[in-house]
Visitor: 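Sharing a structure with you now.
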Amino acid sequence: MASYGPLLQFALLSGFVLAVTLTLLIGACEHPLRRALSGKTPSQRARISWWTLVTPALAGIAYVLMAIAMPSMFEGSARFAAACSAHAGTLLHLCVSHPSGSGQSAWLWGALALLVGYAAWLAARAAAGLWRARRTLASLVRLSGRPGHPERLRVLDVDRPMALACGIGHGHILLSTLLMRQLNPTQLRVVLAHEQAHITNRDVLLRLIAAVLSSIQLPSTRRRLLRDLELALEQRCDFAAANEVGCRVAVAETIVAMEKIYRQHAREQAPFTMAFFSDFVPERVEALLSPKHSSVSYLGLMLGILVLAFCSLSVGWLHSATESFITMMPR
């Protein structure tokens with residue numbers, strides 16, 4: 001059997017082209033999509049924003065894996081071979097694609113190696129930053145105490161405001177003694193309910209995945225979508241806290257009180273945390289004080305169907321363009 005080099009080369013390039021194409025489509029449709037999301041609930045906006053951020057990377061990776069795995073899964077299958085009118089007996093391949101059997105392009109291998117190397121460098125840099133943040137947070141958790149407090153709550157004796165949910169597994173809530181002194185019991189209850197909602201919803205993990213997989217997005221689009229995701233996650237937890245304490249006004253008052261406290265201190269947010277205070281004070285307060293509204297939205301389902309339809313319909317031109325490009329590359 002011939003080498004799998006041409007197939008691997010074809011799969012990697014096709015996956016990259018598909019991911020870039022979806023990225024450009026998201027960039028072109030960003031403003032209409034954000035307008036359509038403006039009237040949705042925080043949970044709906046968070047879910048759709050998250051999938052919008054990660055879909056190009058996931059689709060590219062899934063396509064590469066499918067193109068490589070399917071020939072091996074169906075090796076020796078007469079039905080698989082018969083489904084492709086141009087099936088090459090010397091090279092197994094995904095039958096909807098026809099990778100060139102004339103050989104591999106050394107130039108293309110070099111370009112793919114540069115792309116993989118750059119991606120590995122970005123991943124290593126991100127991993128190093130996350131590891132440093134994890135060590136810092138682990139130190140804070142070790143320094144904190146929990147005498148007479150719930151299991152997840154850790155109290156840190158520092159003279160600065162700190163209220164955040166940290167960790168991507170068994171999370172903890174870090175609360176500084178400064179906030180415990182300056183907030184009244186109702187406000188403390190709101191803060192704890194808000195941070196507990198972050199842990200329950202695994203918001204830290206969702207934000208980390210979105211930040212990593214959205215690296216392929218256009219920079220301006222990525223920045224706005226991540227900001228929309230952050231706001232939706234915070235508002236979702238605000239409503240969860242309001243349900244816990246039974247009063248939206250109390251949550252809004254707590255947000256304003258926290259803003260006044262934090263205004264006097266520099267704020268830093270680590271990758272493994274979701275802090276109670278954010279840059280969205282007006283939006284969060286306005287959402288809490290607006291009349292209640294709930295709606296059933298099929299926007300996410302419709303977008304998912306459109307993406308699947310695009311990926312299916314693009315198979316022909318994607319394979320044709322990829323193979324043509326490989327054929328034109330010097331050997």
Side-chain angles (χ1 to χ4, degrees), residues 42 46 50 129-147 149-212 226-227 229-242 244-245 250-281 283-285 288:
W50 190 85
L130 293 175
W131 178 253
R132 288 192 297 268
R134 183 182 183 278
R135 291 181 60 183
T136 301
L137 288 171
S139 299
L140 290 175
V141 171
R142 285 195 301 268
L143 292 173
S144 61
R146 53 179 184 183
H149 297 292
E151 179 185 358
R152 291 183 182 273
L153 176 60
R154 300 285 185 138
V155 179
L156 196 60
D157 188 13
V158 292
D159 193 24
R160 59 177 297 180
M162 181 180 295
L164 52 89
C166 62
I168 57 177
H170 182 74
H172 297 285
I173 301 173
L174 284 177
L175 191 64
S176 66
T177 52
L178 175 67
L179 284 183
M180 297 188 70
R181 292 194 304 266
Q182 296 193 10
L183 296 178
N184 62 45
T186 300
Q187 292 170 338
L188 280 175
R189 188 182 174 195
V190 168
V191 171
L192 293 179
H194 178 99
E195 299 305 329
Q196 180 60 49
H198 278 308
I199 295 175
T200 302
N201 296 328
R202 298 186 178 275
D203 288 342
V204 176
L205 179 61
L206 291 176
R207 196 183 67 176
L208 278 175
I209 295 174
V212 173
L226 283 174
R227 184 176 175 84
L229 174 64
E230 189 88 12
L231 173 59
L233 294 178
E234 292 298 333
Q235 289 179 331
R236 182 170 67 177
C237 292
D238 288 339
F239 284 107
E244 177 69 23
V245 301
V251 178
E253 290 176 346
T254 303
I255 294 173
V256 174
M258 291 284 284
E259 193 272 339
K260 293 178 180 178
I261 296 173
Y262 271 87
R263 188 186 300 170
Q264 303 172 2
H265 299 265
R267 291 182 288 110
E268 297 180 2
Q269 185 154 321
F272 285 98
T273 68
M274 292 294 296
F276 180 88
F277 182 73
S278 65
D279 296 327
F280 309 108
V281 172
E283 295 91 338
R284 291 170 64 185
V285 172
L288 287 166

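All of these numbers come straight from a predicted model, not from anything done at the bench.
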Visitor: Do Glu195 side-chain atoms and Leu153 backbone N/O form a donor-acceptor pair below 3.5 Å?
Guide: no
Visitor: Any heavy-atom pair between the side chains of Leu183 and Val191 that's under 4.5 Å?
Guide: yes
Visitor: How far apart are the closest heavy atoms of Ala252 and Leu288, and which atoms are they?
Guide: N-CD1, 3.7 Å
Visitor: Rounded to the nearest 0.5 Å, how far does OH of Tyr262 lie from CG of Leu179?
Guide: 5.5 Å
Visitor: Please round to the nearest 0.5 Å and tell me the distance separating atom CD of Glu234 and atom CG of Leu229.
Guide: 10.0 Å
Visitor: Does any part of the side chain of Leu233, heavy atoms only, come nearer than 4.5 Å to the side chain of Arg236, both counted from C-beta?
Guide: yes
Visitor: Within this structure, what is the CZ-CD1 distance for the pair Arg160 and Ile261, rounded to the nearest 0.5 Å?
Guide: 13.5 Å
Visitor: Ignoring hydrogens, what is the shortest heavy-atom contact between Val204 and Ala165? Give both atom names and the distance.
Guide: CG2-O, 3.9 Å
Visitor: Quick one, Arg181 with Asp159, criterion side-chain contact (heavy atoms from CB on, under 4.5 Å). Give me CA distance, side-chain angles, the key distance, then yes/no.
Guide: CA-CA 10 Å; Arg181 292 194 304 266; Asp159 193 24; 3.6 Å; yes
Visitor: With rounding to the nearest 0.5 Å, note down the distance linking CG in Asn201 to CG in Leu206.
Guide: 8.0 Å
Visitor: Please find the pair of heavy atoms, one from Ser176 and one from Val158, that lie closest to each other, and give the distance.
Guide: CB-CG2, 3.6 Å
Visitor: Write down the atom of Ala197, the atom of Ala240, and the distance for their closest heavy-atom approach.
Guide: CB-CB, 3.7 Å
Visitor: Kindly give the heavy-atom pair with the smallest separation between Phe239 and Pro42, and that separation in Å.
Guide: CE1-CG, 3.6 Å
Visitor: Decide side-chain contact (heavy atoms from CB on, under 4.5 Å) for Leu231 and Arg284; before the verdict, give the C-alpha distance in whole Å, the side-chain angles of both, and the deciding distance to 0.1 Å.
Guide: CA-CA 8 Å; Leu231 173 59; Arg284 291 170 64 185; 4.2 Å; yes
Visitor: Is the shortest heavy-atom distance from the side chain of Leu208 to the side chain of Val212 under 4.5 Å?
Guide: no
Visitor: Have His194 and Glu244 got a donor and an acceptor in their side chains that come within less than 3.5 Å?
Guide: no
Visitor: What is the distance from atom CG of Asp203 to atom CZ of Arg207, rounded to the nearest 0.5 Å?
Guide: 9.0 Å
Visitor: To the nearest 0.5 Å, what is the distance between CD on Gln187 and CE on Met258?
Guide: 9.0 Å
Visitor: With Gln196, which residues qualify under side chain to side chain contact (heavy atoms under 4.5 Å, CB included), at least two apart?
Guide: Arg152, Ile173, Ile199, Thr200
